[in-house]
Amino acid sequence: MSLFWRIFLLNSVMLITGILLLLFGPITVSESPQVSEILILFSGFAGLLVINAGLLKLGLRPLRRLVRVMTATDLLSSGPRPAMRGHAGIADLIRTFNTMLDRLEAERALSTARALSAQEDERRRVAQELHDEVGQSLTAVLLELKRVKDHAPEELREELRQVQETTRDSLDEIRRIARRLRPGVLEELGLNSALKALTSEVAGSARLTVHRKFDSDLPELGDEAELVLYRVAQESITNTARHARARRLEVSLRRVGNGILLRLRDDGKGLGRATEGAGMRGMRERALLVGADLSIADHPEGGTEVRLHLPVRNRSASQ
């Protein structure tokens, strides 16, 4: 029975009961109602309202539960679906809501995969251009500066040397940017080596003490899963270096049961009441892309902790 007919029939039963009591019960109303009769009628009316409210509250309880679930639903975190309990109308509504969530998650996963793939392609293209075009141009400038310096008067050589150092620093910075955009070491040497190179680079530039612990017996991962782990670690480390005011960073990559756990914890100021930015949102989208669970929270002992658990099925997390 639908929700409409349940409420309609309940109200009809109460109204018919009230009419029958007035027709055949000991309670009657005279032509000039007495105060006692008016009190009896209003008491009966109030009783009907109370019973009606109680029945409606009981009947609509699953609907209120569904409203709470809908309010708390986060499309960037895959959570449990509400149980299809209740009468026909409520159960159908919950079933429709669950179907809608499944469809939204599937469409979101597809659109996210396309967007991230296009983003990686663009990063690869920009990194290649920085390396081939800008990098080679600066290298040619360095060689020309060396030739000019060798033939320049003594009083100009110091200035030319400073220009050389500035150009060399710019070339190194462009190479670092290209490596961040396209982690070639990830493709060539694997995830552990890429994370070691990433943490070493950050430790040197941000004056951050990094403690690493990487298991050597990690299960085989697909390219997509390795890229997600690397990008989440990269974003988290970048946030720590820029915003956390931390002195120490712990990075671990361990095999846990049927999956892999990436954990990063710093001793900085923590998240506090900071709103979630584009970086964190991107981390969540990448985690959902490979079915991983991501948590970002303040650590009880201070600082911020990022945990990414990636379940590994068969040989690859991407299969």
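- Put simply, the side chain of R255 gets close to the backbone of D217: a donor and an acceptor are under 3.5 Å apart.
- If you take CE on M283 and CG on L288, they are separated by 12.5 Å, rounding to the nearest 0.5 Å.
- Scanning both residues, R265 and G302, for their nearest heavy atoms gives NH2-O, 3.1 Å.
- In this structure the side chain of L253 never reaches within 4.5 angstrom of the side chain of D215, judged on heavy atoms.
- The CG atom of L138 sits 10.0 Å away from atom CG of D172, with the distance rounded to the nearest 0.5 Å.
- Remark: the backbone N or O of R231 is not paired with any side-chain donor or acceptor of R286 at under 3.5 angstrom.
- Atom CZ in R284 sits 8.0 Å away from atom OG in S295 (nearest 0.5 Å).
- For the atom pair CD (E305) and CG (L271), the distance works out to 11.0 Å, reported to the nearest 0.5 Å.
- Under 4.0 Å is where a charged nitrogen must lie from a carboxylate oxygen, and between R248 and E250 at least one such pair does.
- Counting heavy atoms from C-beta on, the side chains of L249 and D267 never come closer than 4.5 Å.
- Atom CZ of F214 is separated from atom OG1 of T199 by 5.5 Å, given to the nearest 0.5 angstrom.
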Worksheet item: Do V251 and K213 pass the side chain to side chain contact (heavy atoms under 4.5 Å, CB included) test, and can you show the C-alpha distance, the side-chain angles, and the key distance before you say yes or no?
Response: CA-CA 6 Å; V251 182; K213 185 177 181 181; over 6 Å; no

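- Looking at heavy atoms from C-beta onward, P219 lies in side-chain contact with V312 at the 4.5 angstrom threshold.
- Other residues, nucleotides and ligands place more than 12 heavy atoms under 6.0 Å from the CZ atom of R161.
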(Q) side chain to side chain contact (heavy atoms under 4.5 Å, CB included) for L264 and T240? Distances and angles first, verdict last. (A) CA-CA 10 Å; L264 303 100; T240 297; over 6 Å; no

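- Proximity of V134 to L171: side-chain heavy atoms (C-beta onward) are nowhere separated by under 4.5 Å.
- Of all heavy-atom pairs between A225 and V290, the closest is CA-CG1, 4.2 Å.
- Residue R175 comes nearest to T139 through the heavy atom pair NH2-OG1, 4.1 Å, listed as atom of the first residue, atom of the second, then distance.
- The hydrophobic clustering, which links ILVMFWY residues whose side-chain heavy atoms are closer than 4.5 Å, places Y230 and I296 together.
- For E133 against S137, the heavy-atom pair with the smallest separation is O-OG, 2.8 Å.
- Residues L218 and L310 share a hydrophobic cluster, clusters being chains of Ile/Leu/Val/Met/Phe/Trp/Tyr side chains in contact below 4.5 Å.
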Stepwise side chain to side chain contact (heavy atoms under 4.5 Å, CB included) test for I260 and R254 = CA-CA 6 Å; I260 293 176; R254 299 183 295 114; over 6 Å; no

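- By the criterion of side-chain heavy atoms lying less than 4.5 angstrom apart, applied directly or through intervening Ile, Leu, Val, Met, Phe, Trp or Tyr residues, V148 is not grouped with L156; the two fall into different hydrophobic clusters.
- Considering CZ of R307 and CG of L262, their distance stands at 10.0 Å, rounded to 0.5 Å.
- The heavy-atom pair separating L145 from Q164 by the smallest distance is CB-CG, 3.7 Å.
- Minimum heavy-atom separation, S200 to R212: OG-NH1, 2.9 Å.
- The list of side-chain hydrogen bond (donor to acceptor under 3.5 Å, both in side chains) pairs with a residue in residues 140-150, not counting sequence neighbours, reads E144-R147, K146-D150.
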ask   = Step by step, would you call Q234 with L198 a side chain to side chain contact (heavy atoms under 4.5 Å, CB included)?
value = CA-CA 7 Å; Q234 184 183 43; L198 176 64; 3.9 Å; yes

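- No continuous path of ILVMFWY side-chain contacts below 4.5 Å connects V163 to I174, so the two sit in separate hydrophobic clusters.
- Without hydrogens or angle criteria, D266 side chain to A246 main chain gives no donor-acceptor distance under 3.5 Å.
- Between L229 and L308, some side-chain heavy-atom pair lies under the 4.5 Å cut-off.
- By the neighbour-count criterion of 12 heavy atoms within 6.0 Å, atom CZ of R245 is sparsely surrounded, having that number or fewer from other residues, nucleotides or ligands.
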